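Some notes on the structure that comes next.
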Amino acid sequence: MAKQCVCIVGSGNWGSTIAKIVGTNVQRLPTFEDRVTMYVYEELVNGRKLTEIINETHENVVYLPGHKIPENVVAVPDVVEAAKNADVLIFVVPHQFIRRICSTICGKIKPTAVGLSLIKGFDKKEGGGIELISHIISRELDIPVSALMGANLASEVAEEMFCETTIGCKDKAMAPIFKDLIQTPYFRVVVVEDVDAVECCGALKNIVACGAGFVDGLGLGDNTKAAVIRIGLIEMIKFVEVFYPGAKLSTFLESCGVADLITTCYGGRNRKVSEAFVKTNKSIEVLEKEMLNGQKLQGPFTAEEVNYMLKARHMEQEFPLFTAVHRICIGELKPSAFIESIRNEPKHMDLENATRQHMPTPRCHL
């Protein structure tokens with residue numbers, strides 16, 4: 001059988017980190033081609049093209065400085081050229097750009113290709129509602145798409161500090177291939193079948209992280225932050241139960257769920273920018289430019305998209321934390337009113353009953 005080719009669609013902080021992992025792994029896996037293409041949005045760095053710098057120095061000096069990317073990873077500025085021969089497409093771009101990328105490569109990739117989305121966020125649907133990014137990719141490109149989410153701060157993964165991640169994959173034949181491609185001694189992969197729940201966790205936790213940042217900015221302490229994390233987790237579970245029913249409760253105990261929520265609420269960019277938002281009174285847009293070195297902040301965008309869905313269904317009061325974060329981000333509510341907004345928590349689902357019904361999560365034991 002012909003060896004499989006891999007393309008990484010995206011080259012930011014997380015995309016370059018995954019390129020480091022995948023580029024290393026394919027060299028030891030006989031079923032994969034050594035050459036990995038990485039789509040890089042071209043920009044000039046001190047008068048030189050970023051793709052040229054990456055291909056000559058094997059370092060993304062803008063988004064992952066100080067870390068070598070394997071020499072078999074080739075930066076390509078044309079997404080069609082990068083993706084055309086790929087059997088596995090790994091999508092890791094800000095979710096706002098995914099429709100444009102899909103329209104660009106539609107009909108120009110292998111019909112047998114499969115996708116793996118590392119994109120944390122939703123997109124709006126006309127008429128009220130949101131759509132999962134993996135669903136958009138799958139529909140636009142007519143390929144099956146799985147999702148990878150977890151407590152994976154890119155800088156720590158790049159430093160090879162031990163952590164875990166979760167892949168949601170319904171295809172039992174593809175699950176071990178994804179695991180081989182991604183797993184390393186320091187990056188442990190667990191595969192579950194709850195693709196939608198895995199992906200929802202990756203998006204929703206960024207909203208909660210904004211709330212945690214507000215707490216830090218207000219100087220309210222760890223007890224308050226713990227309460228915000230707990231309420232946020234409950235709203236995440238309820239959101240999936242209401243809009244994507246059938247998920248297993250134990251999926252939320254995987255890295256994609258509670259672990260990602262904790263690490264993002266203590267160390268992620270959404271928390272940091274939200275803390276600065278309270279302390280400086282600067283807008284989210286200004287802070288994004290000042291603090292993120294060209295990266296995008298996902299929490300406020302995701303809060304807006306979730307609110308779009310909740311408002312259309314008159315459910316804002318059922319998700320007070322999600323709603324309060326959105327209102328603060330757009331200036332409708334002062335950060336000082338955040339705790340009062342979530343103090344009276346609405347009744348949620350019977351978690352004990354949900355546990356009896358849905359445990360354990362089916363896994364691919366590899």
Side-chain angles (χ1 to χ4, degrees), residues 7-15 17-18 39 41 79 82-83 86 88-106 109 113-150 152 154 165-171 174 178 182 191-209 236 239-240 243-244 247 251 254-257 260-261 264 268-270 295-310 322:
C7 171
I8 298 168
V9 183
S11 59
N13 190 225
W14 189 213
T17 300
I18 287 297
Y39 165 60
Y41 180 78
V79 68
V88 178
L89 292 158
I90 299 175
F91 294 90
V92 54
V93 295
H95 75 280
Q96 300 94 315
F97 306 134
I98 194 61
R99 290 185 188 272
R100 177 177 59 80
I101 286 175
C102 286
S103 66
T104 301
I105 65 175
C106 181
I109 61 172
V114 298
L116 179 65
S117 175
L118 280 62
I119 301 170
K120 297 182 177 181
F122 299 113
D123 203 8
K124 289 181 183 177
K125 247 187 341 188
E126 289 186 8
I130 57 176
E131 192 165 17
L132 296 178
I133 301 300
S134 66
H135 292 190
I136 295 171
I137 299 170
S138 182
R139 184 185 66 250
E140 296 294 324
L141 300 181
D142 194 25
I143 62 173
V145 180
S146 300
L148 180 151
M149 306 285 158
N152 308 142
T165 198
T166 311
I167 294 178
C169 178
K170 294 180 181 178
D171 185 342
M174 199 62 212
F178 281 141
I182 301 295
V191 183
V192 301
E193 295 178 357
D194 279 338
V195 183
D196 290 353
V198 168
E199 188 169 358
C200 282
C201 284
L204 297 172
K205 56 91 181 180
N206 285 326
I207 305 177
V208 186
M236 288 167 59
F239 185 92
V240 174
F243 297 107
Y244 299 93
T251 296
E254 297 290 352
S255 183
C256 64
D260 196 9
L261 180 61
T264 307
R269 72 184 73 156
N270 290 282
Q295 298 179 78
K296 294 295 182 181
L297 195 67
Q298 299 297 336
F301 281 111
T302 304
E304 179 185 2
E305 289 155 354
V306 166
N307 186 260
Y308 180 70
M309 188 172 191
L310 297 178
F322 290 171

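If you're wondering where the values come from, they're calculated on a predicted model, not measured in any experiment. Side chains are part of it too, since the values below use all heavy atoms of this structure and drop only hydrogens, waters and symmetry mates.
- Looking at Thr251 and Val198, their side chains come closer than 4.5 Å, going by heavy atoms from C-beta outward.
- Note: Ile167 CD1 to Leu148 CG = 4.5 Å, rounded to the nearest 0.5 Å.
- Counting only heavy atoms from C-beta outward, the side chains of Phe243 and Leu310 approach each other to under 4.5 Å.
- Of the possible polar contacts, one joining the Asp171 side chain to the Met174 backbone as a donor-acceptor pair under 3.5 Å is found.
- Between Phe178 and Val114 there is a side-chain heavy-atom pair separated by less than 4.5 Å.
- Between Ile143 and Ile109 there is a side-chain heavy-atom pair separated by less than 4.5 Å.
- For the pair Gly202 and Lys120, the tightest heavy-atom approach, listed with the atom from each and the gap, is O-CB, 3.2 Å.
- Asp123 and Ile136 get closest at one heavy-atom pair: CB-CD1, 3.5 Å.
- One distance of note links CE of Met149 with SG of Cys200; it measures 9.5 Å at 0.5 Å rounding.
- Evaluation of the side chain to side chain donor-acceptor pair (under 3.5 Å) rule for His135 yields Asp196 as partners, not counting sequence neighbours.
- Gln96 places a side-chain heavy atom less than 4.5 Å from the side chain of Gln298.
- Interatomic distance, CD of Glu305 versus CD1 of Ile130, reported as 7.5 Å (0.5 Å rounding).
- Side-chain contact between Phe239 and Phe322: present, with at least one pair of heavy atoms (C-beta onward) separated by less than 4.5 Å.
- Note that OG of Ser103 is 7.5 Å distant from CZ of Arg100, once rounded to the nearest 0.5 Å.
- A distance of 7.0 Å separates CD1 in Ile119 from CD1 in Ile101, rounded to the nearest 0.5 Å.
- Nearest heavy-atom pair, Leu141 versus Cys106, reported as atom, atom and distance to 0.1 Å: CD2-CA, 3.8 Å.
- Judged purely by atom type and a 3.5 angstrom limit, Glu199 uses its side chain to pair as donor or acceptor with the backbone of Ser134.
- For Cys7 against Ala86, the heavy-atom pair with the smallest separation is CB-CB, 3.6 Å.
- To the nearest 0.5 angstrom, Ile137 atom CD1 is 10.5 Å from Ser146 atom OG.
- Nearest heavy atoms, Ile133 versus Gly121: CG1-O, 3.2 Å.
- Under the 4.5 Å side-chain criterion, counting only non-hydrogen atoms from C-beta, Met236 is in contact with Cys201.
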Practice item. Go through the steps to decide whether Thr166 and Asp260 satisfy the test side-chain contact (heavy atoms from CB on, under 4.5 Å), and finish with yes or no. Key: CA-CA 10 Å; Thr166 311; Asp260 196 9; over 6 Å; no
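- Ring orientation note: the planes of Phe301 and His95 are nearly perpendicular, at an angle over 60° on the 30°/60° scale.
- Asn152 is linked by a side chain to side chain donor-acceptor pair (under 3.5 Å) to Thr165, counting only residues two or more places apart in sequence or in another chain.
- At distances below 3.5 Å, at least one donor-acceptor pair connects side-chain atoms of Asn270 with backbone N or O atoms of Gly299.
- Contact of the Phe91 side chain with the Ile8 side chain is not registered, since no non-hydrogen atoms from C-beta on lie closer than 4.5 Å.
- Closest of all the heavy-atom pairs between Val92 and Gly15 is CG1-CA, 3.5 Å.
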